[in-house]
Amino acid sequence: MSNKQAVRVRFAPSPTGDLHVGNIRTALFDWAYARHTGGKLIFRIEDTDTERVTDQYINAAIETLKWLGLNWDEGPEVGGEYGPYLQSQRLDIYATWAQKFLDQKDAYHCYCSADELEERRQVQMKSNQAPGYDGKCRDLSADQIEKFKQAGRKPVVRMRMPDGETVFTDAIRGEVKFEHKYVPDFVLARADGSPLYTLAVAVDDVLMKITHVLRGEDLLSSTPRQIRVYQAMGVKIEEYPIFAHLPFVMGQDNAKLSKRNGEVSIAWYREQGFLPEAICNYLALLGWSPGDDKENITMAELVELFTVERVNSSPARFDMKKLEAINGDKIRALTLDEFLGWALPFLINSKVISGQADEIEVVKSALPIIQERIVKLAEIPAMLSFLFVKDFKVAPEELSKISDAASQNVLKVALSKVEVLSSWDHTSIESSLRVALIEELGLKPRVAFSALRIAVTGSHISPPLFESLQLLGKERSIDRIKAVISK
RNA sequence: GUCCCCAUCGUCUAGUGGCCUAGGACGUCGCCCUUUCACGGCGUUAACACGGGUUCAAAUCCCGUUGGGGACGCCA
């Protein structure tokens, strides 16, 4: 890209809800581009819609970004020389510019009421015209203005779109052209003086010296309006930021990603036990690719490889299965201590353990045998609970699988062998049991060990049997086997 | 409706005119490993939306069609 000055990219969400997958993909690309170029990431909160934005959502957004490891150089919590970074704290700035635009006649007061506008839109739609402001208040006479004022009307500030067209080069899509007859005059500020996105976004991008605007493609058609504000501000064309409109992330059925066709809230992914690096890795692959066949990449590799040139222009479908596959890979790559750190909160929150030191030791020794068996951290509690439950009981449907004579016999033989074992480690247990059940009784391993598995873990699906027995300890293992042997 | 954007296996993608009888990954299916479940290994499956050009040569460039998406707010 052409700017010689230091790159300044911004991520500017409007926190009207929890950050969703699409927001995060944008944030990730913003971050990766800033880091790749050695530039700055500016995090700005677009909270001009006071009806919908809440502090709770703002805090959640900050927290989510931090959790994902997408750090910013300027913005909430870290400050910066172009702040404040909450638009709600910059109201006077927008008011000043709105007034300037009015003075320059780039903008004008519009006295149309919301109801009137809606009515006219309906008429336009019915006659197959594009709905949009018709320019009624563009050139009001002093008399007309006076009448509106006397009627008690409060005007909004509306930007005048001159005749002509806006052409700009999108870094992902190439040259894009909008004829102004399709871009109606738009509102900059409400009657109470509060700014709208159209004003605030452009003013802030200029004032914060943003060089690159990477955002969702839904904002593509609002770009001419943004450029119109730059012009009114007197910004030179070579100083406009470079726009790059990222393709959508869609749900399974080709509709926008929503709760129905794949989860959207990042909070949900966190609760399920997706690792931040897995989420980022997967999201990076939606609309971008490293270029070679390597897909499992670290954040450092992403930073090294990410360029806007490699971003796709076509939308991507979100695929939970692939995210899970990547998450599984990332989990398997964790060191034991890292894995322990991620696993503990899940175990504690699900009340499998309370967090005592002795429990943690058991967890630590058990984690290696489940590490390659899970895809999400939330699966851990169910897999390890058999090591901690106080009143262990085999569920009836599993119990029924080992009530037959053959299973009972296996359990009795196994019990007798295991009771006399002097050393309780998984290799000793295994060799003793193999001799007794496989060699002497001639059973298939699958059959022989299945009954034991159910007896001691409560399920026919479990971590490896002999390691599980070792972790359980001799006493509890024997108790559990005894408990399922019918009298 | 109007404007804008988009179009390679089921999905994410590689591909920037010859290296493409289109490569990888996830998924699917099969086999191997195996005490269950996994992991791992091997193999399988399946795509350039359609029609015209341009060119010696097109998945790649151009035009059109079709299909999908977005925008058209005192939301962002």
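Chain letters run A, B, ... following the sequence lines, proteins first, then strands; residues in each count from 1.
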How far, in whole Å, is [M] from [N] if one measures between their [atom1] atoms?
N     : M     : atom1 : value
B:A59 : B:C9  : C1'   : 13 Å
B:A25 : B:U35 : P     : 29 Å
B:U11 : B:G69 : P     : 14 Å
B:U44 : B:G68 : P     : 36 Å

Is [X] touching bases, backbone alone, or none of the nucleic acid, heavy atoms closer than 4.0 Å?
X        : result
A:Val156 : base
A:Arg215 : nothing
A:Leu219 : base
A:Cys110 : nothing
A:Tyr182 : sugar-phosphate
A:Gly328 : nothing
A:Lys177 : sugar-phosphate

*asked:* What is the separation between atom NE2 on A:His180 and atom C1' on B:A71, rounded to the nearest whole Å?
replied: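 These atoms are roughly 15 Å apart.
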_Separation of B:U2 P from A:Asn128 CG (nearest whole Å)_ =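 So the CG-P distance, A:Asn128 to B:U2, works out to 7 Å.
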Considering only side-chain heavy atoms of [X], which listed nucleotide, [options], is closest?
X        : options             : answer
A:Glu46  : B:A7, B:G1, B:A76   : B:A76
A:Thr48  : B:C26, B:A76, B:G70 : B:A76
A:Val176 : B:G27, B:C75, B:C4  : B:C4

Short heteroatom pairs, N/O only, protein and nucleotides 64-67 of chain B, under 3.5 Å:
none

*asked:* Tell me the closest heavy-atom pair linking A:Gln272 and A:Phe346, and the distance in Å.
replied: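 Here A:Gln272 and A:Phe346 meet closest at C-CE2, 4.2 Å.
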*Determine, for A:Asp192 against A:Lys154, whether the closest basic-nitrogen to carboxylate-oxygen distance falls under 4.0 angstrom.*
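Between A:Lys154 and A:Asp192 there is no salt bridge, as every charged N stays at least 4.0 Å from the carboxylate O atoms.
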*Across all strands, who's sitting opposite B:G73 as a Watson-Crick or G-U wobble pair, both distances under 3.5 Å?*
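WC or wobble partner does not exist here.
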I'd like a table of atom pairs between the protein and nucleotides 10-12 of chain B - only N or O on both sides, under 3.5 Å - with the distance next to each one.
{"residue": "B:C12", "atom": "OP1", "partner": "A:Arg317", "partner atom": "N", "Å": "3.1"}
{"residue": "B:C12", "atom": "OP1", "partner": "A:Arg317", "partner atom": "NE", "Å": "3.1"}
{"residue": "B:C12", "atom": "OP1", "partner": "A:Arg317", "partner atom": "NH2", "Å": "2.8"}
{"residue": "B:C12", "atom": "O2'", "partner": "A:Leu285", "partner atom": "O", "Å": "2.8"}

*Taking only residues two or more places apart in sequence, or in another chain, which ones meet A:Val213 in a side chain to side chain contact (heavy atoms under 4.5 Å, CB included)?*
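Partners of A:Val213 under the side chain to side chain contact (heavy atoms under 4.5 Å, CB included) test: A:Arg10, A:Asp205, A:Ile210, A:Arg215, A:Pro241, A:Phe243.
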*Any luck finding a side-chain donor-acceptor pair between A:Asn23 and A:Thr26 under 3.5 Å?*
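No, no side-chain donor-acceptor pair sits under 3.5 Å.
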*Side chains of A:Asp115 and A:Ser113: donor-acceptor distance under 3.5 Å anywhere?*
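Checked: A:Asp115/A:Ser113 side chains show no N/O donor-acceptor pair below 3.5 Å.
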*Mind checking side-chain hydrogen bond (donor to acceptor under 3.5 Å, both in side chains) for A:Asp218 and listing every partner two or more places apart, or none if nothing turns up?*
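Partners of A:Asp218 under the side-chain hydrogen bond (donor to acceptor under 3.5 Å, both in side chains) test: none.
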*Examine B:C75: is either OP1 or OP2 under 4.0 Å from a nitrogen or oxygen in the side chain of A:Arg190? Give yes or no.*
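Yes, within the criterion.
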*B:G73 phosphate, OP1 or OP2, under 4.0 Å from A:Arg121 side-chain N/O*: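 Yes, because at least one side-chain N or O of A:Arg121 sits under 4.0 Å from OP1 or OP2 of B:G73.
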*Give the B/S/- string for nucleotides 28-43 of chain B, one per nucleotide from 5' to 3', where a protein heavy atom under 4.0 Å of the base yields B, of only the sugar-phosphate yields S, and otherwise -.*
-------BBBBSS---
So which protein nitrogen or oxygen atoms get under 3.5 Å of nucleotides 18-22 of chain B's nitrogens or oxygens?
none

